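What follows is a set of notes on a single structure, which appears directly below.
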Amino acid sequence: MKVVRGRSLMLSSLRLFRERAKPNSPNVFSCRKRHFSQEFTKETLYSENFKGPSPEIYKSTTIQDHLKLLMSSYELWLKEPLSFNSWEEIHNNSQYALISAGPQKDPIYNYSNVGGCEMFDASWREMTTLRGVESAPSELQQGRDELLRQVEINGFVKASGLVRVTAQGQLFTIDEAVVFNVVEKLSHELVYRGQAVWINRAGVRPIDST
C-alpha cells in the first residue's frame, strides 16, 4: 500500500465531526440494548427526507429487516453468503464492519453493526445521522465518488487502500472492503435501497499524523 499523507489529511479532516464528537468515547455497545417498539417504517428509512437517526435494531423490526436485506444483497452480488448463523451474530460482531447508507441524493448512513461503530469511534446515533460524504477527507471525495459510481454500475466492487476518518478526526486506512448495492426484490423488480460496505477490520490501521 502506498504511504498516505497522514498529517495534511488529518488537519483538514478534524472539523468534519466536531459537532458530533463527544468528550468521552461513545458507548458503541448501546446498539446491543434490548428494547422493542414498532413505530419506524421501511418507507421512512428509504425516503429522500430521511435524516436519521435510525431506531436501535432491537427496537425496530424495520431495522432488523434492513439488516437481513444487507445480507441477501451481499449474497446476490458475491454469490456467497456471509458466514454467520443469524443477523444478531452479524450485528454484534466486532471483527467485521457492516455499514449501509440509504438511496438519498445525499446519502445518510442508516445502519452500522458494532464493528462499524467501533471502527468510526461513534455511537449508534452518530453513525445513523452521518452523511456519507463526511466519512472521508474532502481531498479524497473524488475517488470516493468514483468508487460508488462503479458500484452502482457493476453491483459491487472489492476495494483496498481506502482512507476514512473517525468521529474523533482520526484518519485510518482500509485494506479489504466490499462495497455493494442494496436491492430489494419487489414483484419482478429489484428496487435500489442504497449501498453498503463489508470491511475486514484486521486490515484497518490508523494513519500516523506526525
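Quick caveat: nothing in here was measured; it's all calculated off a predicted structure. Computed over heavy atoms, backbone and side chain alike; hydrogens, waters and symmetry mates excluded.
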- Task: Ignoring hydrogens and angles, tell me if any N or O in the side chain of Ser112 forms a donor-acceptor pair with the backbone of Cys117 under 3.5 Å.
- Result: yes
- Note on the structure: Taken in chain and number order and not counting sequence neighbours, the residues that satisfy side-chain hydrogen bond (donor to acceptor under 3.5 Å, both in side chains) with Ser86 are Glu88
- Message: For Glu189, I'd like to know if atom CD has over 12 heavy atoms of other residues, nucleotides or ligands within 6.0 Å.
- Response: no
- Least distance between heavy atoms, Met119 atom then Ile199 atom: CE-CD1, 3.5 Å
- Message: Any carboxylate oxygen within less than 4.0 angstrom of a Lys/Arg side-chain nitrogen, looking at Lys42 and Asp65?
- Response: no
- Tyr96-Trp198 aromatic ring centre distance below 6.0 Å: yes
- Cut-off 3.5 Å, side chains only: do Ser54 and Asn110 have a donor facing an acceptor? no
- Do Asp175 and Asn200 have side chains that get closer than 4.5 Å, going by heavy atoms? no
- Message: Within the 4.5 Å heavy-atom criterion, are Leu67 and Leu98 side-chain neighbours or not?
- Response: yes
- Validation row: Val163, Ile207 side chains within 4.5 angstrom (heavy atoms): yes
- State whether the side chain of Glu152 and the backbone N or O of Leu148 hold a donor-acceptor pair below 3.5 Å, judged by distance alone. no
- So do Pro107 and Arg131 actually touch side chain to side chain, heavy atoms under 4.5 Å? no
- Set of ring-ring contact (aromatic ring centres under 6.0 Å, His included) partners for Tyr111, sequence neighbours left out: His91, Trp124
- Note on the structure: The side-chain hydrogen bond (donor to acceptor under 3.5 Å, both in side chains) partners of Tyr46 (sequence neighbours excluded) come to His66
- Item | Pairwise side-chain contact, Val197 with Leu162, heavy-atom cut-off 4.5 Å (strictly under) | no
- Note on the structure: In short, Glu126 meets Asp121 closest at the heavy-atom pair OE1-O, 4.4 Å
- Do any pairs count as a ring-ring contact (aromatic ring centres under 6.0 Å, His included) and have a residue in residues 126-178, sequence neighbours left out, and if so which ones? Phe120-Phe172
- Task: Check for a donor-acceptor pair, side chain of Gln141 on one end and backbone N or O of Val133 on the other, with a separation under 3.5 Å.
- Result: yes
- Is a side-chain donor or acceptor of Asn113 paired with a backbone partner of Ile90 at a separation under 3.5 angstrom? yes
- Query: With a 4.0 Å cut-off, would you call Glu56 and Arg125 a salt bridge?
  - Reply: no
- Sequence neighbours left out, what passes salt bridge (charged side-chain N to carboxylate O under 4.0 Å, His left out) with Glu146? Give chain and number order. Arg149
- Salt bridge between Lys158 and Glu176, side-chain N to carboxylate O under 4.0 Å? no
- Item | Trp77 (side chain) donor-acceptor with Asn181 (main chain) under 3.5 angstrom | yes
- Hey, are the side chains of Ile63 and Pro55 touching, using non-hydrogen atoms and a 4.5 Å cut-off? yes
- Min side-chain heavy-atom separation Leu130-Ile108 under 4.5 Å: no
- Message: Can you tell me how far apart CG (Asn92) and CH2 (Trp87) are? Round to the nearest 0.5 Å.
- Response: 8.0 Å
- Residue pair Ser94 / Arg201: nearest heavy atoms and the distance that separates them: O-NH1, 2.8 Å
- Query: Are Phe84 and Met71 in one and the same hydrophobic cluster, where Ile, Leu, Val, Met, Phe, Trp and Tyr link if side-chain heavy atoms are under 4.5 Å apart?
  - Reply: yes
- Can Leu70 and Val182 be said to form a side chain to side chain contact (heavy atoms under 4.5 Å, CB included), step by step? CA-CA 6 Å; Leu70 301 184; Val182 180; 3.5 Å; yes
- Message: I want to check something: taking the side chain as every heavy atom from C-beta on, are Ile174 and Arg164 in contact at a cut-off of under 4.5 Å?
- Response: yes
- Message: Around atom CD of Gln95, are there more than 12 heavy atoms from other residues, nucleotides or ligands closer than 6.0 Å?
- Response: no
- With rounding to the nearest 0.5 Å, note down the distance linking CG in Leu171 to CG in Asp208. 11.0 Å
- For Thr44 and Ser47, does a side-chain donor sit closer than 3.5 Å to a side-chain acceptor? no
- Message: Apply side chain to side chain contact (heavy atoms under 4.5 Å, CB included) to residues Gln195 and Ser100 and explain how you reach the verdict.
- Response: CA-CA 6 Å; Gln195 295 180 326; Ser100 67; over 6 Å; no
- Query: By salt bridge (charged side-chain N to carboxylate O under 4.0 Å, His left out), which residues pair with Arg144, not counting sequence neighbours?
  - Reply: none
- Query: Looking only at heavy atoms, which two atoms of Gln104 and Glu48 are closest? And how far apart?
  - Reply: CA-OE1, 3.3 Å
- Task: Treat each ILVMFWY residue as a node, draw an edge where side-chain heavy atoms are under 4.5 Å apart, and state whether Leu147 and Tyr192 are in one component.
- Result: no
- Are Val165 and Gln170 close enough, and set up right, to give a side chain to side chain contact (heavy atoms under 4.5 Å, CB included), and what steps lead you there? CA-CA 5 Å; Val165 58; Gln170 171 67 56; 6.0 Å; no
- Query: Is there a path from Leu69 to Leu190 through hydrophobic residues (I, L, V, M, F, W, Y) whose side chains come within less than 4.5 Å of each other?
  - Reply: yes
- Query: CD of Gln64 to OG of Ser60: how many Å apart, nearest 0.5 Å?
  - Reply: 7.0 Å
- Hey, does the side chain of Ser135 reach the backbone of Gly132 with a donor-acceptor pair shorter than 3.5 angstrom? yes
- Message: Looking only at the side chains, is there a donor atom on one of Thr129 and Tyr109 sitting less than 3.5 Å from an acceptor on the other?
- Response: no
